[in-house]
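The sequence lines fix the lettering, A, B, ..., with proteins before strands; numbering per chain opens at 1.
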Protein chains: 2
Amino acid sequence: MPSFLEQASDAIRQSGGRMTGQRQIIVNLLESATGQLDVDDLHRLARKQDQHISLATVYRTLNVLEDAGLIQPRYQSPEHEHKYYERVGSGQVYHFTCRVCRKIIPFHSELIQELKHHLSKQLDLEVLNACVCLDGLCPECQKQQAQTDR
Amino acid sequence: MPSFLEQASDAIRQSGGRMTGQRQIIVNLLESATGQLDVDDLHRLARKQDQHISLATVYRTLNVLEDAGLIQPRYQSPEHEHKYYERVGSGQVYHFTCRVCRKIIPFHSELIQELKHHLSKQLDLEVLNACVCLDGLCPECQKQQAQTDR
DNA sequence: CTGTTATTGCAAATCATTTGCAATAAGCTT
DNA sequence: AAGCTTATTGCAAATGATTTGCAATAACAG
């Protein structure tokens, strides 16, 4: 399978764009990202490889990749304070955020597929995307909460 | 049961605040809202009752109500371009947005409850809130799309 | 009715994101 | 490898949404 960098290069060239050094840096950061990177994270990390890369370029690159369908913005909390970017198609993974410690716990469930099918049948909708964000208390913070209540 | 206005008055007084004329207008708009009202909708509608109510006051009132746990911000699309406000606890209704005509179709499903239970059991998470936003094509726009493809 | 102080409207400030422009560099053509 | 075209860059300024400082106003406790 092609690397994410190759995928991105192809997609960008396809639409008459160019793969630049700055874009490579950002694409590679997105590929190797284990966690969630927001715009400022990406800018900060990219600067370590290219002192002079500008925030505007990070924004523009993210928009190019999003238009190409390679990445998607996601939001952490249900109030969606914080937007970060991740590769699409990296498996349908959804996220649970702990209200207290802000930890993000990924999960996936066939129930979401099922929900899509239900809606297709019942309401005749063609569901192209599902955004499911849960929040609440992680196991650790539940324990801590129980202590405080005493 | 107390009206939403009474609920709001009590909650605001509880924290040493005051129920003003402007706040009453906004609270009533939120109570009677059938659809989704965003900040500008609320400002526009509120002006019909009070010519001089300012946008800043609408923002401040929404923040007060949100802090009191009476309303919650919601987002229409998975990209969450548009934020609107609705009362909490007004039944768990989720929304599907058509990518083409932007129409919003509300739905609800037991599958989401089921998902919460699954996660409680499997990952020991206490799920306090679920944000589920779907998007895709509504029946009408599916037909239109089919025509264009020919 | 009076006094205290939370709230208001306004304008200016802030924050995230986008954009205009001149300089640079990607990558096709030779 | 060199030249040419034009997409991309960095910067600074613009934009759009939301917040805030301040003096004037109005809630509501006494």
Side-chain angles (χ1 to χ4, degrees), chain A residues 5-6 8-29 36-44 46-68 70-77 79-85, chain B residues 5-6 8-27 29 36-44 46-68 71-77 79-85:
Chain A
L5 183 55
E6 285 169 329
S9 292
D10 291 349
I12 289 173
R13 294 236 175 75
Q14 204 88 80
S15 57
R18 295 171 186 176
M19 175 49 72
T20 66
Q22 292 93 327
R23 288 181 176 177
Q24 285 187 27
I25 291 172
I26 294 167
V27 165
N28 282 330
L29 286 172
Q36 282 71 32
L37 299 178
D38 66 20
V39 178
D40 287 316
D41 291 332
L42 285 166
H43 186 216
R44 192 166 29 75
R47 263 180 193 286
K48 294 191 179 173
Q49 296 175 61
D50 175 352
Q51 274 294 314
H52 296 297
I53 194 168
S54 75
L55 188 55
T57 295
V58 177
Y59 274 109
R60 282 190 278 231
T61 300
L62 289 171
N63 286 339
V64 166
L65 295 173
E66 192 182 345
D67 289 346
L70 294 165
I71 61 172
Q72 267 197 334
R74 292 268 166 188
Y75 297 78
Q76 290 190 344
S77 71
E79 292 82 30
H80 301 182
E81 295 294 310
H82 221 67
K83 181 153 90 170
Y84 63 88
Y85 286 84
Chain B
L5 182 56
E6 286 169 329
S9 291
D10 291 349
I12 289 173
R13 294 238 175 73
Q14 204 88 81
S15 55
R18 295 169 185 178
M19 175 49 72
T20 67
Q22 292 93 326
R23 287 180 178 179
Q24 284 186 27
I25 291 173
I26 294 168
V27 165
L29 286 172
Q36 283 71 33
L37 299 178
D38 65 19
V39 177
D40 286 316
D41 292 333
L42 285 166
H43 186 217
R44 192 167 29 75
R47 263 179 194 285
K48 294 190 179 173
Q49 295 176 61
D50 175 351
Q51 275 295 313
H52 297 298
I53 193 168
S54 75
L55 188 55
T57 295
V58 176
Y59 273 109
R60 281 189 278 229
T61 301
L62 290 171
N63 286 339
V64 166
L65 295 173
E66 192 183 344
D67 288 346
I71 61 171
Q72 265 197 335
R74 291 266 166 191
Y75 298 77
Q76 291 189 343
S77 73
E79 291 82 32
H80 302 181
E81 296 294 309
H82 221 66
K83 181 154 89 168
Y84 63 87
Y85 285 84

- [ ] Using heavy atoms and a sub-4.0 Å distance, could you list which residues of residues 18-26 of chain B are near DNA chain C? By number, please.
- [x] B:Arg18, B:Thr20, B:Gln22, B:Arg23
Open item on the list: So for the helix from C:dC1-D:dG30 to C:dT30-D:dA1, with five pairs setting each end axis, what is the inter-axis angle to 10°?
Closed with: 40°
Task: Nucleotide interval of DNA chain D bounded by contacts with chain B (heavy-atom cut-off, under 4.0 Å) - done: D:dA17 to D:dC28
Task: Main-chain N/O of B:Ile53 paired with B:His43 side-chain donor or acceptor, under 3.5 Å - done: yes
Open item on the list: Working to the nearest 0.5 angstrom, can you tell me the gap between B:Ile26 CD1 and B:Thr20 OG1?
Closed with: 7.5 Å
Open item on the list: Here's a test of your reading of the structure: between B:Arg13 and A:Gly17, which maps to the more 5' nucleotide of DNA chain D?
Closed with: A:Gly17
Open item on the list: If we ignore hydrogens and angles and just use 3.5 Å, is the side chain of A:Asp41 paired with the main-chain N or O of A:Asp38 as donor and acceptor?
Closed with: yes
Task: Length of the line joining A:His43:NE2 and C:dT17:P, which is rounded to integer Å - done: 13 Å
TODO: Give a yes or no answer on whether the side chain of A:Arg18 reaches the backbone of A:Ser9 with a donor-acceptor pair at less than 3.5 Å.
DONE: no
Task: Note, B:Gln22 side chain near B:Val58 side chain (heavy atom, < 4.5 Å) - done: no
- [ ] Could you tell me whether the side chain of B:Leu42 reaches within less than 4.5 Å of the side chain of B:Leu62, counting heavy atoms only?
- [x] yes
- [ ] Find the distance between CD (A:Glu66) and OG1 (A:Thr61) and round it off to the nearest 0.5 Å.
- [x] 12.5 Å
TODO: Report the residue (B:Gly16 or B:Leu55) whose heavy-atom-nearest nucleotide on DNA chain C is the more 5′ of the two.
DONE: B:Gly16
TODO: State, with a plain yes or no, whether a side-chain heavy atom of A:Thr57 is found less than 4.5 Å away from one of A:Arg23.
DONE: no
TODO: For residues B:Tyr85 and B:Leu65, determine if any side-chain heavy atom of one lies less than 4.5 Å from a side-chain heavy atom of the other.
DONE: no
- [ ] To the nearest 0.5 Å, tell me how far B:Arg47 CZ sits from B:Ile25 CD1.
- [x] 11.5 Å
- [ ] Take the protein atom CG of A:Asn63 and the nucleotide atom C1' of C:dA16, then report the distance between them rounded to whole Å.
- [x] 12 Å
